[in-house]
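As structure tokens, the structure follows; a few thoughts come after it.
From a predicted model like this one, the values you see are computed outputs, not experimental measurements. Residue numbers begin at 1 in each chain, while the letters A, B, ... track the order of the sequences.
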2 protein chains.
Amino acid sequence: MTKETDESIMVPAAVIKRLPKYHRYLEELLNEGREKISSQQLGEIVGVSAPQLRQDLNYFGNFGQQGYGYNVKKLYNSLAEVMGIQQKSNMVLVGVGNIGQALVNSRDFEKRGFYLSAIFDTNPKLIGLEINGLVVKDVVELKDYIAENDINIGVITVPASSAQEVANQMIKAGIKGIWNFSPVDLKTPPNIQVENEHLTEGLLRLSFKVKEE
Amino acid sequence: MTKETDESIMVPAAVIKRLPKYHRYLEELLNEGREKISSQQLGEIVGVSAPQLRQDLNYFGNFGQQGYGYNVKKLYNSLAEVMGIQQKSNMVLVGVGNIGQALVNSRDFEKRGFYLSAIFDTNPKLIGLEINGLVVKDVVELKDYIAENDINIGVITVPASSAQEVANQMIKAGIKGIWNFSPVDLKTPPNIQVENEHLTEGLLRLSFKVKEE
DNA sequence: CCTCTTTTGTGATTTTTTTAACAATAACCG
DNA sequence: CGGTTATTGTTAAAAAAATCACAAAAGAGG
Ligand SMILES: NC(=O)c1ccc[n+]([C@@H]2O[C@H](COP(=O)([O-])OP(=O)(O)OC[C@H]3O[C@@H](n4cnc5c(N)ncnc54)[C@H](O)[C@@H]3O)[C@@H](O)[C@H]2O)c1
Ligand SMILES: NC(=O)c1ccc[n+]([C@@H]2O[C@H](COP(=O)([O-])OP(=O)(O)OC[C@H]3O[C@@H](n4cnc5c(N)ncnc54)[C@H](O)[C@@H]3O)[C@@H](O)[C@H]2O)c1
């Protein structure tokens, strides 16, 4: 009886959280020219136990080979595929303020296949301005732009008070996922994915741990 | 037999992760003038079950009152105390680039008692420049500055290749906690607390969830 | 081609986290 | 001021996650 490769089996959130880390370290190993690696060794590098690593990977397939280990390049590509970064995806960003501009200026994520396609704001002083090759558009164009340009991820970097409204517009226009930097828990239908970067929460957690020590 | 208020009892990481969220929603309730709230109601707002909320809070004390619920202001202040944001703390930031400047310009965290005391870079073009009231200092002054100015948190917003080196300097100078934005897992002694903002990992997780859907 | 070693994939076990249940306690009301 | 209701704090049960342990598979070396 062969193992079901049934997608319907729920992948635990704890596993999903670790995937990008595995990917990052595999990229490093690949750049160092490493060819193969055992779950033991990779686990030590990443900071998880070997059985956990193996169990995590086996949610998605059998990428290893007994008596050999894992081929670094193959595993790297497999994880990239699992995370959906093999085919490029297009994003829009709304809120060209402090954080928004930082993201637009660095575009760190383009090397991983996430392209910033357009950026939006309400501020007339910003609209029309060019930032790192992208001209700031008026947010009234947002809905049409998303619908017409195969955009699947929206980045929200507006003040908390406008975040939900911007999210609503994105969703109406057919966005699939939202990368949210506003300190707000967006209300979204279940088929819309949200990932929050609540930076202030991170600082408070740090404060707690410092105090506790 | 009274309950031990022993600090040595380990607070689960899962609980620590939720504390800032409780604090944020309590702040909203406080601003709305809400006086009391039950675990049931607060749980619904925050998105956790009522028993979990009660159990979480009871790691730190008995803040509620049977038959009444929780006093919003009291609970808010208690949580602030638990997280160590009653007394202000001083931070330094190293790496005045895209992300660094965004943080310096907004200084969102000052209203929660985290003061940015000085900012550092290696780039001669930046050193001496004033950004939102702070003059960029040369990073060679970092160690002395931390040691002499009661700094307990360091913010790292330098490229990945320099992050560990910057962390080492901070630690040598006596920092207690590091808020790290570089895509690197810093090697630190156990008495140094680290909180990572690995933004790219968030985007990859989002990508996974979008693809899975 | 056979033996020995390595290392995976996975079922069983343990630990951690979450949820449920309820007795104890305090507010509220007549 | 006593009964009723609301709601906590806490113990017990269930669920989820991590770890352990080992049989099965593949490579390495003679
Ligand atoms: N900057 C930080 O250090 C920091 C830290 C933690 C959290 N955040 C959060 O990130 C978000 C952005 O912060 P920031 O410092 O970049 O703010 P900002 O004020 O610099 O930028 C916000 C931008 O959004 C635009 N905007 C406002 N309403 C809009 C709307 N409805 N549609 C389109 N654009 C709109 C504004 O014109 C502005 O350009 C905030 O929610 C903030 O709480 C920021
Ligand atoms: N900007 C983004 O959108 C983004 C997204 C995800 C992650 N990050 C991470 O955040 C970090 C900073 O990104 P950024 O875009 O702000 O980079 P940046 O290049 O704009 O800024 C880095 C700054 O650090 C300074 N620096 C370099 N080495 C230093 C040293 N040893 N001591 C002191 N200063 C030093 C540089 O002079 C520069 O000013 C990087 O690690 C990046 O990977 C950034």
Side-chain angles (χ1 to χ4, degrees), chain A residues 1-6 8-19 21-22 26 29 34-76 78-79 82 205 208, chain B residues 1-6 8-19 21-22 26 29 34-76 78-79 82 205 208:
Chain A
M1 208 191 303
T2 44
K3 191 196 173 187
E4 295 268 2
T5 37
D6 195 340
S8 73
I9 212 172
M10 239 298 265
V11 180
V15 174
I16 297 173
K17 218 178 127 195
R18 286 187 290 267
L19 292 180
K21 193 169 292 239
Y22 299 156
L26 283 165
L29 289 165
R34 184 72 173 265
E35 207 161 294
K36 70 168 189 173
I37 195 159
S38 70
S39 60
Q40 180 68 46
Q41 296 168 317
L42 183 54
E44 266 162 33
I45 291 170
V46 174
V48 304
S49 72
Q52 179 166 74
L53 177 57
R54 295 203 297 275
Q55 213 168 32
D56 283 0
L57 295 178
N58 287 338
Y59 276 100
F60 307 104
N62 298 357
F63 305 124
Q65 209 160 5
Q66 281 147 334
Y68 173 85
Y70 297 86
N71 176 282
V72 173
K73 188 164 194 174
K74 178 162 168 277
L75 185 54
Y76 176 76
S78 299
L79 280 183
V82 162
R205 279 194 284 275
F208 173 83
Chain B
M1 208 191 301
T2 45
K3 189 196 173 184
E4 294 267 2
T5 37
D6 196 341
S8 72
I9 214 171
M10 241 293 267
V11 180
V15 175
I16 298 173
K17 219 179 126 194
R18 286 187 290 266
L19 292 180
K21 192 169 293 240
Y22 299 156
L26 284 164
L29 289 165
R34 183 74 174 262
E35 206 160 295
K36 71 167 186 173
I37 195 161
S38 70
S39 61
Q40 180 67 46
Q41 296 167 316
L42 184 54
E44 265 161 35
I45 292 170
V46 175
V48 303
S49 71
Q52 178 166 75
L53 177 56
R54 294 203 297 274
Q55 212 169 31
D56 282 0
L57 296 178
N58 287 338
Y59 276 100
F60 307 103
N62 299 356
F63 304 126
Q65 208 159 5
Q66 281 145 332
Y68 173 85
Y70 297 86
N71 177 282
V72 173
K73 188 162 193 174
K74 178 163 169 276
L75 184 55
Y76 176 76
S78 298
L79 279 184
V82 162
R205 276 193 285 274
F208 173 83

> How would nucleotides 15-21 of chain C be written as a contact map, 5' to 3', with B for base contact, S for sugar-phosphate-only contact and - for no contact, using protein heavy atoms under 4.0 Å?
Replying inline: --SBBBB
> Closest heavy-atom contact between A:D56 and A:V15?
Replying inline: OD1-CG2, 3.4 Å
>> Are B:L29 and B:I37 packed together at the side-chain level, in the sense that at least one heavy-atom pair is separated by less than 4.5 angstrom?
In response: yes
> Should B:Q41 and B:S38 be marked as a side-chain hydrogen bond (donor to acceptor under 3.5 Å, both in side chains) after you check the CA-CA gap, both sets of side-chain angles, and the distance that decides it?
Replying inline: CA-CA 5 Å; B:Q41 296 167 316; B:S38 70; 3.3 Å; yes
>> Rounded to whole Å, please give me the gap between CG in A:N71 and C1' in C:dT8.
In response: 15 Å
> Separation of A:Q41 atom CD from C:dT7 atom P, in whole Å?
Replying inline: 7 Å
>> Within the 4.5 Å heavy-atom criterion, are B:V46 and B:L53 side-chain neighbours or not?
In response: no
> Could you state the CG-C1' distance from B:L75 to D:dT8, rounded to the nearest angstrom?
Replying inline: 13 Å
> How would nucleotides 23-30 of chain D be written as a contact map, 5' to 3', with B for base contact, S for sugar-phosphate-only contact and - for no contact, using protein heavy atoms under 4.0 Å?
Replying inline: -BBSS---
>> I want to check something: taking the side chain as every heavy atom from C-beta on, are A:Y59 and A:V82 in contact at a cut-off of under 4.5 Å?
In response: no
> Nearest-Å distance, CG (A:N62) to P (C:dG11)?
Replying inline: 11 Å
> Please give, in whole Å, the distance from C:dT8 C1' to A:L53 CG?
Replying inline: 11 Å
> Do you know the tightest heavy-atom contact between B:S39 and B:R54?
Replying inline: OG-NH1, 2.9 Å
> Rounded to whole angstroms, how far apart are OH on B:Y70 and C1' on C:dA26?
Replying inline: 14 Å
>> Is B:S39 close enough to D:dT8 that one of its side-chain N or O atoms is under 4.0 Å from OP1 or OP2 there?
In response: yes
Using a 3.5 Å cut-off and no angle test, enumerate the donor-acceptor pairs between side-chain atoms of residues 65-76 of chain A and protein atoms at least two apart in sequence or in another chain.
{"residue": "A:N71", "atom": "OD1", "partner": "A:K73", "partner atom": "N", "Å": "3.1"}
{"residue": "A:N71", "atom": "OD1", "partner": "A:K74", "partner atom": "N", "Å": "2.8"}
{"residue": "A:K74", "atom": "NZ", "partner": "A:F63", "partner atom": "O", "Å": "3.2"}
{"residue": "A:Y76", "atom": "OH", "partner": "A:E27", "partner atom": "OE1", "Å": "2.5"}

> Are any non-hydrogen side-chain atoms of B:L42 and B:Y22 less than 4.5 angstrom apart?
Replying inline: no
> What are the two closest non-hydrogen atoms of B:K17 and A:R205, and how far apart are they?
Replying inline: O-NH1, 3.2 Å
>> If I take atom CD in residue A:Q40 and atom C1' in nucleotide C:dG9, what distance separates them, rounded to the nearest angstrom?
In response: 16 Å
